[in-house]
Protein chains: 2
Amino acid sequence: MALRYALLAALQEEPATGYELTQRFRTYLAHVWNATHQQIYRELGKLHDEGLVTAETIAQSERPDRKQYRVSEAGETALTQWLATPQPRPATRDPLLVKLFAGDNLDARVMARELAELRQQCEQRLAAYREMERTWFRDPGSVPRRYRLQYLALRRGILGAQSWLAWLDEAEREFPSTDDS
Amino acid sequence: MALRYALLAALQEEPATGYELTQRFRTYLAHVWNATHQQIYRELGKLHDEGLVTAETIAQSERPDRKQYRVSEAGETALTQWLATPQPRPATRDPLLVKLFAGDNLDARVMARELAELRQQCEQRLAAYREMERTWFRDPGSVPRRYRLQYLALRRGILGAQSWLAWLDEAEREFPSTDDS
DNA sequence: ACTCCATATGCACTTTGTTGCATATCAAGG
DNA sequence: CCTTGATATGCAACAAAGTGCATATGGAGT
């Protein structure tokens with residue numbers, strides 16, 4: 001359900017094509033809502049059928065045609081309504097933690113490698129978030145509200161990554177890395 | 001995919017009925033993998049069809065029959081194999097953060113209420129985790145490995161909840177609660 | 001020449017999770 | 001007496017997300 005509203009919100013910031021939206025979801029929306037291009041195109045089609053967005057085809061020589069979408073009035077109404085509805089928290093489902101419940105069948109070296117990979121991923125993400133923080137939100141007080149809210153989402157990404165790193169510090173004591181990378 | 005392995009891991013700790021498993025998933029597995037009883041029964045059926053678990057029907061007077069499942073050898077093999085396979089991290093999809101990207105359409109009072117609810121939820125969960133910590137893991141060093149790993153999962157729950165509370169401290173500055181509860 | 005990558009859009013199939021409903025018994029409380 | 005809640009198991013329909021594949025062009029690198 002929320003994908004469509006993520007799309008509407010993104011389109012409201014600026015009209016875009018499916019391709020551009022895909023890029024936004026990969027970059028500065030990755031810590032908020034993940035979606036593939038297939039999912040995005042599919043949902044944009046539905047949104048269009050339901051009249052929540054309008055489409056404009058832009059012909060290009062040298063490149064495939066682009067379809068630019070923008071939010072319709074009905075779309076804005078739908079978005080506003082959804083915003084006012086409290087959303088249930090997403091359920092936790094983490095395969096890594098599931099593994100911890102397998103006890104004796106769990107190989108410590110395999111696990112250590114998986115933890116190392118996770119650490120790398122977290123560090124990379126954290127670095128990317130820090131980079132965004134530096135470039136766009138150097139002085140969060142002077143930023144207009146719209147972007148201050150986005151900064152809050154980014155802050156969540158940062159705090160989330162940090163909390164995973166803190167957990168990894170504990171987990172790596174149980175699964176010491178053999179360090180044969 | 002991971003649900004079945006969560007079931008196998010849980011059954012390996014101790015054979016159980018779908019009903020008992022449902023209770024475990026609701027209590028001390030809630031911070032690891034969420035599943036409803038419908039999902040659990042369905043997956044147990046598949047697991048049985050595939051020979052990864054065996055079932056024993058226990059007739060009860062006064063109560064509906066129970067079907068107790070236990071992991072078969074094939075099941076243990078499948079579990080071990082899965083454990084050795086690195087699992088991709090679950091993608092972030094958070095409707096609350098999506099809302100932050102809607103900018104001007106987002107009502108501050110509505111948001112403040114949603115944050116308050118989230119805070120309550122986090123605090124409740126944290127208290128529940130702390131309780132588990134106290135009752136089962138008072139001295140983590142003296143606990144056998146199998147349960148030390150479960151404690152690690154619990155630690156993740158605790159750190160996760162704390163990191164959300166830290167974020168809420170920041171978010172509530174942007175959406176001050178009117179405190180008319 | 002050939003391959004890879006970016007641009008640009010999509011369909012079809014499968015898996016996974018959600019939601020509503022169904023059934024049967026017993027104990028406890030109003 | 002009647003309802004609610006715990007015990008105990010499931011089916012069916014639907015929604016959401018994942019995976020594989022398809023197509024078309026142009027530029028850059030080997």
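Note on naming: letters A, B, ... go to the chains in the order of the sequence lines (proteins, then strands), and numbering restarts at 1 for each one. All of these numbers come straight from a predicted model, not from anything done at the bench.
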Among the candidates [options], find the nucleotide nearest to the side-chain atoms of [X].
X     : options                : answer
A/Q23 : C/dT16, D/dT9, C/dT7   : C/dT7
A/M1  : C/dG10, D/dT9, D/dA16  : D/dA16
A/W33 : D/dA6, D/dT19, D/dA17  : D/dA17
A/Y69 : D/dT19, C/dG10, C/dG17 : C/dG10
A/R93 : C/dG10, C/dT18, D/dG10 : C/dT18

Regarding A/T22, tell me which of base, sugar-phosphate or nothing describes its non-hydrogen contacts under 4.0 Å with the strands shown.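 Here A/T22 touches no strand at all.
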Just call it for A/Q39: base, sugar-phosphate, or nothing, with non-hydrogen atoms closer than 4.0 Å on any strand.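 It contacts sugar-phosphate atoms only.
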Regarding A/K99 and A/E114, does a basic nitrogen lie under 4.0 Å from an acidic carboxylate oxygen? yes
Answer with yes or no whether A/R42 presents, from its side chain, a donor or acceptor under 3.5 Å of a partner atom in the base of D/dA16. no
Check whether the side chain of B/Q38 and the base of C/dG20 form a donor-acceptor pair under 3.5 Å.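 Indeed, a donor on one side and an acceptor on the other fall under 3.5 Å apart.
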Backbone of B/Q162 reached by a side-chain donor or acceptor of B/W167 within 3.5 Å: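 Between the backbone of B/Q162 and the side chain of B/W167 there is no qualifying donor-acceptor contact (under 3.5 Å).
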Measure [atom1]/[X] against [atom2]/[N] and give the value in whole Å, please.
X     : N      : atom1 : atom2 : result
B/R89 : D/dG18 : CZ    : P     : 15 Å
A/Y41 : D/dA16 : OH    : P     : 21 Å
A/E43 : C/dG10 : CD    : P     : 14 Å
B/H37 : C/dT19 : NE2   : P     : 12 Å
A/D65 : D/dG26 : CG    : P     : 13 Å
B/L21 : D/dT7  : CG    : C1'   : 15 Å
A/H48 : C/dT9  : NE2   : C1'   : 15 Å
A/I40 : D/dA17 : CD1   : P     : 11 Å

Distance below 4.0 Å between B/T17 side-chain N/O and D/dT9 OP1 or OP2: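 For D/dT9, OP1 or OP2 has a side-chain N or O of B/T17 closer than 4.0 Å.
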Please state whether the phosphate of D/dT9, meaning OP1 or OP2, lies under 4.0 angstrom from any side-chain nitrogen or oxygen of B/Y19. no
Could you check whether any side-chain heavy atom of A/I158 comes within less than 4.5 Å of a side-chain heavy atom of A/E133, counting everything from C-beta outward? yes
Between A/R42 and A/Q38, do the side chains contain an N or O donor and an N or O acceptor separated by less than 3.5 Å? no
By nearest nucleotide on DNA chain D, pick out whichever of B/G18 and B/A91 is the more 5' one. B/G18
Looking at the rings of B/Y129 and B/H31, which for Trp means the six-membered one, are their centres under 6.0 Å apart? yes
